[in-house]
Amino acid sequence: LQGCDGSVLLASTPGNPISERDNFVNNPSLRGFEVIEDAKNQIEAACPETVSCADILAFAARDSVSKVGGISYDVPSGRRDGRVSIGDEVLDNLPRPSLSADDLISNFERKGLSADEMVTLSGAHSIGVSHCGAFSNRLYSFSDTVTQDPSLDSSYAETLKTQCPPPPPTSDPTVSLEPSTPIRLDSKYYEGLINHRGLLTSDQTLYTSQSTRGMVQSNANNGASWADKFALAMLRMGSIEVLTGSDGEIRKQCSFVN
């Protein structure tokens with residue numbers, strides 16, 4: 001949230017009891033910190049105090065996109081690590097699953113990203129999972145007059161109800177964000193929106209909103225063009241508020257400042 005400076009990797013400390021990664025929005029959803037730390041340890045052994053944790057995150061994102069989507073792009077290096085991670089900033093910066101298209105556009109514009117880049121990056125929801133709690137209101141308590149969100153395909157809603165019990169659940173299960181190709185980064189996500197199978201409100205709003213519907217249709221109709229745009233948008237996102245030169249530091253451990 002401080003920009004692309006690895007702030008999300010910093011663990012909570014007595015002086016900072018809730019870092020970004022330990023805010024309730026991120027914990028337990030964010031995972032894999034040990035993978036980044038292992039990569040850092042290996043890089044430090046070979047080339048100490050040279051490669052930042054922020055760069056490692058950017059490289060890991062690039063490699064993940066290539067592995068699950070076959071989308072390749074070059075990532076510039078040279079980012080430095082920040083020393084600040086404040087959990088209270090998470091809610092004001094991360095887009096929530098209940099946001100409308102206009103809210104999402106504003107959220108991304110504050111970080112210098114366009115509406116089209118926002119819709120393009122939302123295609124990342126073609127992989128991964130969501131906790132039921134992020135969307136169960138669409139199934140059981142949509143409004144005072146309607147129990148189920150009318151923009152949600154009814155057969156899809158019935159399937160989701162079998163996976164997500166009515167609240168209050170004894171646990172908070174997870175379901176695939178995009179069930180047709182849940183481990184493949186592709187444009188099927190946009191086809192799902194057109195078929196009213198967007199899992200989160202913030203997904204489906206991209207199609208129900210006139211301001212973004214055309215972008216959704218374009219991405220659904222041309223997966224190759226979307227993939228090219230996705231690579232460019234990832235590069236742009238990886239350049240948000242980076243630290244360079246003498247700003248920040250090169251952390252020796254990704255979870256703690258030097």
Determine whether [X] and [Y] fall in the same hydrophobic cluster, where Ile, Leu, Val, Met, Phe, Trp and Tyr are linked whenever their side-chain heavy atoms lie under 4.5 Å apart.
X: I127; Y: L177; result: no
X: F142; Y: V175; result: no
X: F59; Y: L9; result: yes
X: L199; Y: Y207; result: no
X: V68; Y: V35; result: no

Using the disulfide (SG to SG under 2.5 Å) rule, collect all pairs that involve [range], keeping only residues at least two apart or in two chains.
range: residues 102-164; result: C132-C164
range: residues 62-102; result: none
range: residues 7-74; result: C53-C254

Do [X] and [Y] make a side-chain contact, defined as non-hydrogen atoms from C-beta onward lying under 4.5 Å apart?
X: N23; Y: L94; value: no
X: H196; Y: L152; value: no
X: P167; Y: Y140; value: yes
X: S77; Y: V51; value: no
X: L57; Y: I36; value: yes
X: D103; Y: P95; value: no

So, for [X] and [Y], which heavy atoms are closest and what is the spacing to 0.1 Å?
X: G6; Y: A54; result: N-CB, 3.7 Å
X: R138; Y: T201; result: CD-OG1, 3.5 Å
X: F230; Y: A124; result: CE1-N, 4.0 Å
X: G82; Y: L243; result: CA-CD1, 3.6 Å
X: F108; Y: L121; result: CE2-CD1, 4.1 Å
X: S85; Y: S7; result: OG-O, 2.9 Å

If the threshold is 4.0 Å, N to carboxylate O, is there a salt bridge linking [X] and [Y]?
X: R80; Y: D247; answer: no
X: K188; Y: E178; answer: no
X: R197; Y: E191; answer: no

* Asked: Which pairs, with at least one residue in residues 199-216 and sequence neighbours excluded, count as a salt bridge (charged side-chain N to carboxylate O under 4.0 Å, His left out)?
  ->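 Output for this query is empty, none listed.
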* Asked: Among pairs that include at least one residue of residues 223-236, which meet salt bridge (charged side-chain N to carboxylate O under 4.0 Å, His left out), considering only residues two or more places apart or in two chains?
  ->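 Listed once each, the pairs are D116-K229, E117-R236.
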Crowding at [atom1], [X] (>12 non-hydrogen neighbours, <6.0 Å):
X: K161; atom1: NZ; result: yes
X: D74; atom1: CG; result: no
X: I71; atom1: CD1; result: yes

* **Audit row: D5, E241, side-chain contact (heavy atoms from CB on, under 4.5 Å) steps and yes/no** => CA-CA 8 Å; D5 67 349; E241 299 170 23; over 6 Å; no
In Å, rounded to the nearest 0.5 Å, how long is the span from [atom1] of [X] to [atom2] of [Y]?
X: T212; Y: Q217; atom1: OG1; atom2: CD; result: 10.0 Å
X: R251; Y: E37; atom1: CZ; atom2: CD; result: 9.5 Å
X: M215; Y: S114; atom1: CE; atom2: OG; result: 7.5 Å
X: D149; Y: S141; atom1: CG; atom2: OG; result: 10.5 Å
X: I86; Y: D92; atom1: CD1; atom2: CG; result: 11.0 Å
X: Q148; Y: L160; atom1: CD; atom2: CG; result: 9.0 Å

Are the side chain of [X] and the backbone of [Y] linked by a donor-acceptor contact shorter than 3.5 Å?
X: S126; Y: D186; answer: yes
X: K111; Y: G3; answer: no
X: Y190; Y: S218; answer: no
X: T205; Y: A101; answer: yes

* Evaluate the side-chain contact (heavy atoms from CB on, under 4.5 Å) criterion for residues V119 and V216: first the C-alpha distance (whole Å), next the side-chain angles of each, then the deciding distance (0.1 Å), finally the verdict. => CA-CA 7 Å; V119 175; V216 169; 4.2 Å; yes
Is a donor from one side chain sitting under 3.5 angstrom from an acceptor on the other, for [X] and [Y]?
X: D102; Y: S100; result: no
X: S19; Y: N16; result: no
X: E20; Y: Q2; result: no

* Please name the residue in the list L10, N258, V257 that meets the side chain to side chain contact (heavy atoms under 4.5 Å, CB included) test with R83. =>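 Among the candidates, only V257 passes.
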* Identified side chain to side chain contact (heavy atoms under 4.5 Å, CB included) partner of R21 from the options S255, S12, S29 ->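 The side chain to side chain contact (heavy atoms under 4.5 Å, CB included) with R21 is passed solely by S255 among S255, S12, S29.
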* Asked: Can you pull the side chain to side chain donor-acceptor pair (under 3.5 Å) pairs that have at least one residue in residues 48-73, sequence neighbours excluded?
  ->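 Non-adjacent pairs meeting side chain to side chain donor-acceptor pair (under 3.5 Å): D55-R79.
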